[in-house]
S.K.: 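Before we start, here is the structure in question, set down as structure tokens.
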Amino acid sequence: MPVDNRIRTADHLKDLDQPWQEHHDLPTTKASIQQILAGGTPDWVRWPEDYRAFVKESFAAEKEISDEMGEQYHIEDQEDLTNEAARKVNPMSTDSFVAKLRANGIKCFTVYNGLKGTVGLWCLPPKQVAKARYVCYMQIPAMYEWSVLRLDRHNIPVGEKFRGWRTVVMELIKKEILTEYQAHKIFGHPSGNKTFRRYQRSLWELRNLKRYTETELAEKDV
């Protein structure tokens, strides 16, 4: 029996025989653009270079933060964060990720920032129509569910090897584009298995506006 090597996307919209190839739905893209521009021409359309430059600066800032984290040497769940077999699951095309946001009323767009394999995600915050907010960078043309930590030759964390779409979801919550409830409704509620541990901890910290401590860990108050 022949082996089915296709990768099914997490949204089940289509099967990708070659997930590294880009896929575009031009009619949907045009319709989305018309919807976004319905309230007038926003700044990000009139001055795209300003937004592209901002993405580059933000990308550099994110890398600097990652490098600073690496200076603290090994982190507590480093082994889990580098486990590619466990984390490279449920691939979703970047176009499909954006389509999910738009289908749920989120006005958003991506800007290629000149950084290979990435685009910057911009969204209009609730009740705003002119000023878009930068969220984070996304990997193209597709992302696995979980980010994978990159290590240098000294086994020290130095940023991300792959960016996962759950990381983007978390940034959407942090940047107040989505509520936690909306995020779970659109992208599914995280389960209780080990891979979700850091994600659940981050959500807990957002809800409680404080760092997760050993006390909460002992009480399993997540």
Side-chain angles (χ1 to χ4, degrees), residues 5-11 15-23 55-56 58-98 100-101 110 112-121 134-175 178 183-184 186-206 212 222:
N5 291 319
R6 296 177 300 173
I7 298 178
R8 182 171 294 278
T9 58
D11 45 29
D15 288 329
L16 300 181
D17 295 311
Q18 296 179 312
W20 54 88
Q21 296 292 334
E22 295 188 46
H23 297 267
V55 171
K56 290 183 179 180
S58 298
F59 188 95
E62 289 183 40
K63 184 179 184 305
E64 184 176 344
I65 293 173
S66 296
D67 290 344
E68 289 177 359
M69 291 176 60
E71 292 177 1
Q72 302 174 21
Y73 301 103
H74 297 180
I75 55 180
E76 56 179 323
D77 48 359
Q78 180 168 309
E79 184 176 348
D80 295 336
L81 296 175
T82 55
N83 185 347
E84 294 193 22
R87 302 183 72 79
K88 292 170 67 173
V89 297
N90 299 326
M92 183 188 304
S93 72
T94 310
D95 285 346
S96 294
F97 184 94
V98 173
K100 279 178 175 288
L101 292 176
T110 59
Y112 178 63
N113 47 34
L115 300 170
K116 185 178 180 180
T118 70
V119 292
L121 174 63
Y134 176 69
V135 178
C136 65
Y137 76 86
M138 299 191 297
Q139 193 166 312
I140 56 173
M143 297 176 285
Y144 292 104
E145 184 167 4
W146 301 106
S147 296
V148 177
L149 191 66
R150 182 189 298 277
L151 303 178
D152 67 8
R153 61 192 182 90
H154 299 294
N155 215 33
I156 295 174
V158 286
E160 293 175 342
K161 188 174 183 180
F162 299 103
R163 169 144 291 190
W165 53 263
R166 283 283 178 189
T167 296
V168 183
V169 172
M170 180 60 66
E171 290 300 316
L172 285 163
I173 298 173
K174 289 180 180 178
K175 300 297 172 58
L178 294 177
H184 293 162
I186 298 170
F187 296 100
H189 200 288
S191 71
N193 66 38
K194 189 177 181 181
T195 307
F196 283 83
R197 184 168 57 187
R198 176 172 284 266
Y199 184 78
Q200 290 173 318
R201 182 181 303 182
S202 297
L203 289 174
W204 187 95
E205 291 175 349
L206 282 176
Y212 194 75
V222 182

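Bear in mind the structure is a predicted one, so any value in this text is a computation, not a measurement.
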S.K.: Any side-chain to backbone donor/acceptor pair from E145 onto N90? Under 3.5 Å, distance only.
M.R.: no
S.K.: Given side-chain contact (heavy atoms from CB on, under 4.5 Å), test L151 with T82 step by step and report yes or no.
M.R.: CA-CA 8 Å; L151 303 178; T82 55; 3.9 Å; yes
S.K.: Do V169 and F97 come close enough that some side-chain heavy atom pair is under 4.5 Å?
M.R.: yes
S.K.: Less than 4.5 Å apart, any side-chain heavy atom of T110 and any of D95?
M.R.: no
S.K.: Is a salt bridge present between E160 and R150, judged by a nitrogen-to-oxygen distance below 4.0 Å?
M.R.: no
S.K.: For K88, give me all partners under side-chain contact (heavy atoms from CB on, under 4.5 Å), at least two apart in sequence or on another chain.
M.R.: E84, Y144, V148, F162
S.K.: Would you check, one step at a time, whether the test side-chain contact (heavy atoms from CB on, under 4.5 Å) holds for L172 with L101?
M.R.: CA-CA 10 Å; L172 285 163; L101 292 176; 3.8 Å; yes
S.K.: Once side-chain contact (heavy atoms from CB on, under 4.5 Å) is applied, do any residues pair with E171, and if so which ones, sequence neighbours excluded?
M.R.: V135, C136, K174, K175
S.K.: Minimum heavy-atom separation for Y112 to T118, with atom names?
M.R.: CD1-O, 3.5 Å
S.K.: Answer whether the closest heavy-atom distance between the side chains of L149 and K161 falls below 4.5 Å.
M.R.: no
S.K.: Is the backbone of G164 close enough, under 3.5 Å, to the side chain of S147 for a donor and an acceptor to pair up by distance?
M.R.: yes
S.K.: Are M138 and M143 side-chain neighbours, meaning at least one heavy-atom pair lies under 4.5 Å?
M.R.: yes
S.K.: A183 and I173: which non-hydrogen atoms are nearest, and at how many Å?
M.R.: CB-CD1, 3.7 Å
S.K.: Side chains of W146 and V89: closer than 4.5 Å at any heavy-atom pair?
M.R.: yes
